[in-house]
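Have a look at the structure below, then the notes.
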Protein chains: 2
Amino acid sequence: MQKQDRPPFPPNAALAPARGRPRAFDREAALAQATRLFWRKGYAATSIADLTEAMGIGSPSLYAAFGSKETLYAEALDWYGRRYEALVWANFAAAGTAREAVEALLMDSAAALTGSCGADDPLGCMVTLSAVGSEGHAELGDRVRSSRALALKRVEERLGRAVADGELAASADVHGLARFVLAVQGGMSLQARDGASRADLEAVARVTLSGWDAQVSAGRHREQRLPDKPA
Amino acid sequence: MQKQDRPPFPPNAALAPARGRPRAFDREAALAQATRLFWRKGYAATSIADLTEAMGIGSPSLYAAFGSKETLYAEALDWYGRRYEALVWANFAAAGTAREAVEALLMDSAAALTGSCGADDPLGCMVTLSAVGSEGHAELGDRVRSSRALALKRVEERLGRAVADGELAASADVHGLARFVLAVQGGMSLQARDGASRADLEAVARVTLSGWDAQVSAGRHREQRLPDKPA
DNA sequence: CTGTTTCTGCATCGATCGATACATAAATCG
DNA sequence: CGATTTATGTATCGATCGATGCAGAAACAG
């Protein structure tokens, strides 16, 4: 129902002859600014006037290029994923063991969530902290919820593989462990937004991993001989 | 700058003769409805029209009784604390050991955050999930941040006492452990808002406590003989 | 050049935002 | 009773909300 940014054909935009007056601003840079603003203030508290000021364009240009506030937010979510997802998930995916994957996820999160990667990015994770689903925007809400569900699925899948590999006991609560890991990561986002430092969050990660190690070995002990908690 | 609800003198409101036309609505019930709405939708996404409809009053009555949207939100935070804080912190405070206190905190949170106490309350913690500080309302932001900081201080204080009692090793990272426990609780709020069940969150709590037990004993082991992780 | 297409800046749309003015109603005081 | 005080209901305030109309500018095709 809304004209897209440059028609979809030809698929290679570089070959499009670009009819009409060319755009006077960098669409990518403007989207980056919009993303940072939504990230920092949330959807409802960010006005079109805020956006046009941060993006350095007029409102007709914004609507011509991005359609509406809702579709701009959706594009901002996509851009955020493309730009930041690898910071937290690349080492997770490359790790040889579930233990190392979780360690990478939490330690990399401690850095990314406190702005230790990008220069002056907002604190915490835009997707984790987004409350757009509670603000009456069902479509955007589904989007962020499914992103968060995907993260849970990734960890569950990795832990399931660890069970298949024998790294984790077959009796391990894969779903509970996955929810636990993402609960810690989500809590790190909340604390980052309140000003926790990278070192603060790394301490959280260390405690988590110590518990992970001990629980896994305790689980094996329990599996072999102990019916109750060790201490 | 704003007339309070009934003058502060005499201090006992029941003895006040109540001059003028009496209020036609239950202030407490109206505040409860306002709290639920702010809790569910957040500050920015909740309009005065939403509030007056939910509270069943006209806007002049709202302003006469509560001052402004900001002061109403502040009162809602107070009311939320009075009404729900004990659900999560009473058993924590009464527990004989730090281990039992943390267990109580997380298990009671699993119930409260999923609406297993009140009938149809919103999901997750209003204070934990409040983003009002990022939405450009500094005063309210300080309020929720200090509430969250108080929770951290409570856990730190309890863990510090556990170290003094000998329950935890003197080498235990009290700050990191406290941040860890609250990160898990915060993550539980996020997952509750996404629809996680009480059983889901209790699984998270169990994993956390297993790790706690194992880490504490591992810490003691390390303190006594082992320089590295057990497994 | 003319015609077509697309983007930009100015002005502004109707709707809704948070917040009130005002007249009236309902209570107490004297 | 009238005088005073406070709350309510209607109607509305100026400001801002998200979103556009429109004329001119800047590129293309012919």
Side-chain angles (χ1 to χ4, degrees), chain A residues 1-10 13 15-27 30 34 37-38 41-74 76 132 135-137 139-140, chain B residues 1-10 13-27 29-30 34 37-38 41-74 76 132 135-137 139-140:
Chain A
M1 65 189 71
Q2 187 75 25
K3 163 183 45 174
Q4 297 292 340
D5 169 65
R6 296 288 162 175
F9 297 103
L15 298 182
R19 309 232 315 184
R21 176 174 174 175
R23 183 176 288 121
F25 61 94
D26 183 339
R27 192 180 191 276
L37 205 54
F38 278 135
K41 301 186 60 175
Y43 181 83
T46 302
S47 70
I48 298 292
D50 293 335
L51 290 164
T52 55
E53 182 186 353
M55 299 162 84
I57 63 178
S59 52
S61 297
L62 187 154
Y63 283 94
F66 300 103
S68 72
K69 187 184 175 185
E70 288 210 8
T71 55
L72 173 57
Y73 189 83
V132 74
E135 293 172 345
H137 302 270
E139 201 165 339
L140 296 176
Chain B
M1 63 188 73
Q2 188 72 25
K3 161 185 42 174
Q4 297 291 342
D5 169 64
R6 295 288 164 175
F9 296 104
L15 297 182
R19 307 231 317 185
R21 177 175 173 174
R23 181 178 290 120
F25 63 95
D26 183 337
R27 192 180 192 276
L37 206 54
F38 278 135
K41 302 187 59 177
Y43 180 82
T46 303
S47 70
I48 299 292
D50 293 335
L51 289 165
T52 55
E53 181 186 354
M55 299 162 84
I57 63 178
S59 51
S61 297
L62 187 154
Y63 283 93
F66 299 102
S68 71
K69 188 184 175 185
E70 287 210 8
T71 55
L72 173 57
Y73 189 84
V132 74
E135 294 173 343
H137 301 270
E139 201 165 338
L140 295 176

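Letters A, B, ... are given to chains in the order of the sequence lines, protein chains preceding strands, and every chain is numbered from 1.
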For atom [atom1] of [X] and atom [atom2] of [N], their distance in whole Å:
X: B:Tyr63; N: D:dC13; atom1: OH; atom2: P; result: 17 Å
X: B:Ile57; N: C:dG18; atom1: CD1; atom2: C1'; result: 14 Å
X: B:His137; N: C:dC17; atom1: NE2; atom2: C1'; result: 12 Å
X: A:Glu53; N: D:dT16; atom1: CD; atom2: C1'; result: 15 Å
X: B:Arg19; N: D:dA3; atom1: CZ; atom2: P; result: 15 Å
X: B:Phe66; N: C:dG18; atom1: CZ; atom2: P; result: 16 Å
X: B:Phe38; N: C:dG18; atom1: CZ; atom2: P; result: 9 Å
X: A:Glu135; N: C:dT16; atom1: CD; atom2: P; result: 18 Å

Quick check for you: to the nearest 0.5 Å, what is the distance between [X] atom [atom1] and [Y] atom [atom2]?
X: A:Ile57; Y: A:Phe25; atom1: CD1; atom2: CZ; answer: 4.0 Å
X: B:Arg27; Y: B:Ser61; atom1: CZ; atom2: OG; answer: 12.0 Å
X: A:Ile48; Y: A:Ser59; atom1: CD1; atom2: OG; answer: 8.0 Å
X: B:Thr46; Y: B:Leu37; atom1: OG1; atom2: CG; answer: 4.5 Å

Which atom pairs link the protein and nucleotides 21-24 of chain D when you take only N or O atoms and keep those under 3.5 Å?
| unit_1 | atom_1 | unit_2 | atom_2 | d |
| --- | --- | --- | --- | --- |
| D:dG24 | N2 | A:Arg21 | NH1 | 3.2 |

From the options [options], select the nucleotide whose nearest atom is closest to the side chain of [X].
X: B:Arg23; options: C:dT20, D:dA7, C:dC17; value: D:dA7
X: A:Phe25; options: C:dA27, D:dA29, C:dT8; value: C:dT8
X: B:Ser68; options: C:dA19, D:dT8, C:dA27; value: C:dA19
X: B:Lys69; options: C:dA19, D:dT8, C:dT8; value: C:dA19

Let me know, please, whether A:Ala49 or B:Gly58 comes out on the 5' side of the other along DNA chain D by nearest nucleotide.
B:Gly58
If you count the non-hydrogen atoms of other residues, nucleotides and ligands that lie under 6.0 Å from CD in B:Glu70, is the total more than 12?
yes
Sugar-phosphate, base or nothing in reach of A:Thr52, heavy atoms under 4.0 Å:
nothing
Can a donor-acceptor pair be found, under 3.5 Å and without considering hydrogens, that links the side chain of B:Lys69 to the backbone of B:Tyr43?
yes
Tell me whether B:Thr71 contacts the main-chain N or O of B:Phe66 through its side chain, where contact means a donor paired with an acceptor under 3.5 Å.
yes
Within the structure, does a side-chain N or O atom of A:Ser47 lie under 4.0 Å from either OP1 or OP2 of D:dC17?
yes
Determine whether any donor atom in the side chain of B:Ser59 lies under 3.5 Å from an acceptor atom in the base of C:dT20, or the reverse, and answer yes or no.
yes
How far does the helix from C:dC1-D:dG30 to C:dG30-D:dC1 bend, going by the axes of its first and last five pairs, to the nearest 10°?
10°
